[in-house]
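The next block holds one structure in the form of structure tokens; read it before the comments.
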Amino acid sequence: CDDARQWLGAAAAAAGCESADDLSAALCTRQICARDEWYTVRLTVEQAGDSRDALAKALYGRLFEWLVVRVNACLNTGETGALKPAG
């Protein structure tokens, strides 16, 4: 369990979260508004896994787009046909 907390802390720091608890709450709960009141609902293990996977997909997507821009900047010779980020 200590290893998991260390990994969660490292991921939270890399994502710019205030604490590991903030990242954990974001991945394991959802907020629902009903009749002007907010409720926090725990996700199932499968839903939390889907939440984690969606975050990883978004991070990898942004990283790939950043990488393409950087590679294009390094290879920019004024020729057409340079790589372009998807989306």
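Quick note: residue numbers are just sequence positions, from 1. Please read these numbers as outputs of a predicted model, since none were measured by experiment.
- The CG atom of D3 sits 12.5 Å away from the CG atom of L8 when rounded to the nearest 0.5 Å.
- Between D21 and R5 a salt bridge is recorded (basic side-chain N to carboxylate O distance below 4.0 Å).
- Between the CG atom in D50 and the CG atom in L27 there is a gap of 11.5 Å [rounded to 0.5 Å].
- Applying the side chain to side chain contact (heavy atoms under 4.5 Å, CB included) test to I32 and every residue at least two apart in sequence or in another chain returns R30, V41.
- Take R52 and apply the salt bridge (Lys or Arg N to Asp or Glu O under 4.0 Å) test, not counting sequence neighbours, and it matches no residue.
- Of all the heavy atoms in S19 and A12, the pair that sits closest is O-CB, 3.7 Å.
- Nearest approach of T40 to Q31, heavy atoms of both residues: OG1-NE2, 2.9 Å.
- Contact detail for A48 and L43: the closest heavy-atom pair is N-CB, 4.0 Å.
- By the side chain to side chain contact (heavy atoms under 4.5 Å, CB included) test, L59 pairs with L55, sequence neighbours left out.
- Formation of a donor-acceptor pair under 3.5 Å by the T29 side chain with backbone atoms of A25 is found in this model.
- Taking all atoms of both residues into account, the shortest heavy-atom contact from L23 to C17 is CB-SG, 4.1 Å.
- In terms of heavy-atom proximity, S51 sits nearest to A26 at OG-O, 4.0 Å.
- Checked by atom type and distance alone, the side chain of E37 never pairs as donor or acceptor with a backbone atom of A34 at under 3.5 Å.
- Under the 4.5 Å side-chain contact rule for hydrophobic residues, L63 and V71 share a cluster.
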